[in-house]
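Remember, it's a predicted structure, so these values are computed and weren't measured experimentally.
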Protein chains: 2
Amino acid sequence: MAKAMARTAADTTDTTSPQGRIRRENVERILKAAERVFAEAGFAGATMADIAERAGLPKANLHYYFGTKDELYRAVLDNILRMWLAPIDSFTPDADPSVALTAYVIAKMEASRTRPHASKVFANEILHGGNQVERFLAEDLKSLVDAKAGVIDGWVAAGRMAPVDARQFLFMIWAVTQHYADFDVQIRKVLGRRSLTRQDFAAMTAEVLRMVLRAAGLPEPEIPITPTDSVPSNL
Amino acid sequence: MAKAMARTAADTTDTTSPQGRIRRENVERILKAAERVFAEAGFAGATMADIAERAGLPKANLHYYFGTKDELYRAVLDNILRMWLAPIDSFTPDADPSVALTAYVIAKMEASRTRPHASKVFANEILHGGNQVERFLAEDLKSLVDAKAGVIDGWVAAGRMAPVDARQFLFMIWAVTQHYADFDVQIRKVLGRRSLTRQDFAAMTAEVLRMVLRAAGLPEPEIPITPTDSVPSNL
DNA sequence: GGAAAAGCTGACTGTTCGGTCAAGAACTGA
DNA sequence: TCAGTTCTTGACCGAACAGTCAGCTTTTCC
């Protein structure tokens with residue numbers, strides 16, 4: 001109950017405050033370890049001891065920075081949600097549908113490749129009722145989808161892409177791209193691969209893109225996809 | 001350690017044996033309750049007490065039929081896996097791609113509608129490493145996918161559908177259709193619906209089908225989809 | 001250099017949960 | 001009817017776990 005206790009999850013957001021170097025570093029280490037453990041074991045299956053071990057810190061230290069397991073979990077989720085919304089910015093009324101869709105699919109596939117744990121934590125949360133993200137879904141995400149569905153409807157009305165139910169179309173993109181992170185085990189086993197390389201992802205991305213563009217009634221790109229290694233990460 | 005203890009999960013499979021009526025009924029009740037609780041809470045988050053309460057039986061009774069929580073979980077998974085493979089039977093070399101794909105997508109969407117808990121339990125298992133289904137994935141499912149990919153490749157080679165990577169195409173169908181069970185919370189919140197009715201599912205199925213057929217370069221169906229209520233369930 | 005603040009942590013606690021057990025009730029078949 | 005089998009269940013146990021805390025060290029800032 002020391003005064004320091006008051007500085008917890010919420011402060012993670014505040015990257016401008018002059019919080020100590022030590023605090024910042026440790027919070028980051030803990031969040032990184034927690035994201036991984038929560039992804040692998042789910043909220044209930046994860047233990048503070050596991051997370052502590054992965055972070056290389058004693059368990060009591062976690063409780064110093066994050067009062068409770070719940071608080072730590074919410075901090076991990078916050079981190080993930082903030083990242084979730086960004087890449088769809090490419091959807092604007094004036095944008096070329098092909099270009100916007102291509103950029104979006106590539107960004108989502110890159111997210112699945114580079115931050116699979118984040119995707120899994122989110123999937124796990126939704127799967128088990130999403131109580132922790134109810135507000136996010138019903139407000140932030142809904143607003144975004146409403147807006148972007150409007151953009152897509154505009155594209156359709158202008159004859160720039162085939163008629164689709166904009167919301168279902170977005171669901172399809174999410175489902176397919178996130179599948180490569182969330183169901184990686186299944187994909188690897190079915191393909192008989194031990195792991196999915198960057199090359200694998202490049203090929204899968206190209207194929208997903210092809211199918212998505214076809215579903216939108218758009219011509220397939222001539223240029224092959226070259227994945228970059230630069231994906232902004234706030235973790 | 002009574003002799004009866006030996007009759008556990010494995011017997012669930014054997015529906016022909018003249019096992020007692022009471023046993024059969026209770027095993028079924030427990031499996032049904034367990035599927036639901038495991039779906040809602042995951043393996044670690046589910047408690048035997050929760051399952052017992054949902055089944056309307058004392059906890060010790062569960063341990064009489066299923067020795068351990070692990071054993072019960074495996075029985076639930078077994079039940080689900082058996083169901084997983086069936087609907088893709090419509091993929092045969094001589095079948096019409098449009099008809100086969102339509103039947104498959106409808107079957108998968110119906111599974112998501114009528115057995116969402118099963119889908120969630122499976123998703124949860126894969127999400128957390130799939131240790132319990134490793135053999136299923138690497139053997140049964142891989143064989144099936146290899147075979148059906150061959151069928152699809154044949155369709156493509158015969159010019160009966162657009163060129164696709166058969167395996168990625170199957171992943172897409174799985175991802176999209178299962179998404180409606182696994183991510184139902186997200187879908188409901190984004191659409192602003194309290195629940196998804198049969199009519200909602202009919203509309204979503206039609207849209208998914210349209211996108212899948214387009215992705216396969218096939219003409220869209222003239223006839224609207226009319227969902228049936230008859231989905232075989234072995235639970 | 002020194003005092004206050006921030007950070008650290010081993011040892012501990014209360015609770016929850018999977019699993020056990022022994023004694024009895026209900027069912028079965030001859 | 002009766003013996004054997006199957007089924008039932010409250011009470012209990014040990015392990016695992018989240019969370020606490022008091023006393024300590026390190027850092028910060030004047």
Rounding to a whole Å, what distance do you find between A/E25:CD and C/dA6:C1'? 14 Å
Between A/Y64 and C/dC8, is there a side-chain N or O to OP1/OP2 distance below 4.0 Å? no
Under-4.0 Å side-chain N/O to phosphate OP1/OP2 contact, B/R23 with D/dT6: no
Which nucleotide wins on minimum distance to the side chain of A/N61, given the candidates C/dC8, C/dC27, D/dT9? C/dC8
Can a salt bridge be assigned to the pair B/E25 and B/R29 using a cut-off of 4.0 Å between side-chain N and carboxylate O? no
Whole-Å gap separating P (D/dA16) and CD1 (A/I51): 18 Å
What integer distance in Å separates B/R24:CZ from C/dC27:P? 16 Å
Starting at CD1 of B/I22 and ending at P of D/dT5, how long is that distance when rounded to a whole Å? 17 Å
Contact list for residues 104-126 of chain A, test ring pair (Phe, Tyr, Trp, His ring centres under 6.0 Å), sequence neighbours left out: A/W84-A/F122, A/F91-A/Y104
Which pair of non-hydrogen atoms, one from B/V121 and one from B/A39, has the smallest distance, and what is that distance? CG2-N, 3.6 Å
A/N26 side-chain N/O to C/dC8 phosphate OP1/OP2 under 4.0 Å: yes
Return yes if a side-chain donor-acceptor contact under 3.5 Å exists between A/S143 and A/D146, otherwise no. no
Send over the distance from A/R21 CZ to C/dA6 C1', rounded to a whole Å. 12 Å
Does A/R36 pair with A/E40 as a salt bridge, N-O distance under 4.0 Å? yes
Heteroatom pairs (N/O) under 3.5 angstrom, protein to nucleotides 16-19 of chain C:
unit_1: C/dG18; atom_1: OP1; unit_2: B/A46; atom_2: O; d: 3.2
unit_1: C/dG18; atom_1: OP1; unit_2: B/M48; atom_2: N; d: 3.4
unit_1: C/dG18; atom_1: OP1; unit_2: B/K69; atom_2: NZ; d: 3.2
unit_1: C/dG18; atom_1: OP2; unit_2: B/M48; atom_2: N; d: 2.9
unit_1: C/dG18; atom_1: N7; unit_2: B/K59; atom_2: NZ; d: 3.2
unit_1: C/dG19; atom_1: OP2; unit_2: B/K69; atom_2: N; d: 2.6
unit_1: C/dG19; atom_1: N7; unit_2: B/K59; atom_2: NZ; d: 2.8
unit_1: C/dG19; atom_1: O6; unit_2: B/K59; atom_2: NZ; d: 2.7

By nearest atom, which of the nucleotides C/dT9, D/dT8, C/dC21 is closest to the B/Y65 side chain? D/dT8
Go through the side-chain N and O atoms of B/D184 and B/H179 and say whether any donor and acceptor fall under 3.5 Å apart. no
What's the closest nucleotide to the A/A60 side chain, out of C/dG10, D/dT27, C/dA6? C/dG10
So B/F43 and B/Y73, would you call those rings parallel, tilted or perpendicular, with 30° and 60° as cut-offs? tilted
